[in-house]
Amino acid sequence: VIYGSGYDAGTEDNDESCLNVPGPPCNENGSNENPDNGEGYIYPHPGIHGEADILRSGYDWNDPMMMVTVSEVEDYEMDM
């Protein structure tokens, strides 16, 4: 089992406004109209602070953000 952190892609303003957040929780209406306003690099995501449209109570998280489990599969043949 491997646990992983959440990362910010650095492609949009981190203002938590649905004008800049693509996809959920902004009903897919968010966009990235100002792509030059992002940080431009990937870094550990600081989480949601609830400063605009996205509520901390519903969308914040603490690391780890994902869990990967690798299991052996016996006698598996793939059809080609």
Side-chain angles (χ1 to χ4, degrees):
V1 176
I2 300 168
Y3 295 97
S5 299
Y7 288 87
D8 189 308
T11 57
E12 74 277 332
D13 285 334
N14 285 331
D15 59 5
E16 300 179 14
S17 167
C18 281
L19 294 174
N20 296 312
V21 176
C26 293
N27 299 322
E28 311 272 338
N29 293 325
S31 67
N32 192 0
E33 295 178 13
N34 300 308
D36 295 333
N37 291 345
E39 295 81 10
Y41 55 90
I42 298 170
Y43 65 97
H45 198 288
I48 303 298
H49 301 285
E51 297 172 352
D53 300 322
I54 303 174
L55 300 178
R56 184 177 198 164
S57 62
Y59 295 99
D60 195 23
W61 68 87
N62 293 313
D63 282 334
M65 181 175 164
M66 67 174 165
M67 179 177 73
V68 178
T69 303
V70 179
S71 303
E72 181 179 356
V73 178
E74 295 182 26
D75 299 326
Y76 178 78
E77 291 185 28
M78 198 163 105
D79 293 330
M80 300 291 262

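Everything numeric in this text was worked out from a predicted model, so none of it was measured.
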| query | Hey, does M65 have a side-chain heavy atom less than 4.5 Å from the side chain of Y7? | reply | no
| message | Are the side chains of I2 and M67 in contact, using a 4.5 Å heavy-atom criterion? | response | no
| query | Do you know which two heavy atoms are closest between H49 and E16, and how far apart they sit? | reply | N-OE2, 2.8 Å
| remark: In this structure, NE2 of H45 is separated from CG of D60 (nearest 0.5 Å) by 9.0 Å
| note | Minimal heavy-atom distance between I48 and W61, with the atoms involved, is CG1-CZ3, 3.9 Å
| said: Return the OG to CD1 distance between S17 and I54, rounded to the nearest 0.5 Å. | reply: 8.0 Å
| Side chains of D8 and N14 in contact at under 4.5 Å (non-hydrogen atoms) | yes
| Is it the case that more than 12 heavy atoms not belonging to Y3 sit under 6.0 Å from its OH atom? | no
| said: Quick check: closest heavy atoms across D15 and A52, and the distance to 0.1 Å? | reply: O-CB, 3.3 Å
| field | Side-chain donor or acceptor of D63 paired with backbone N/O of G6 under 3.5 Å | value | yes
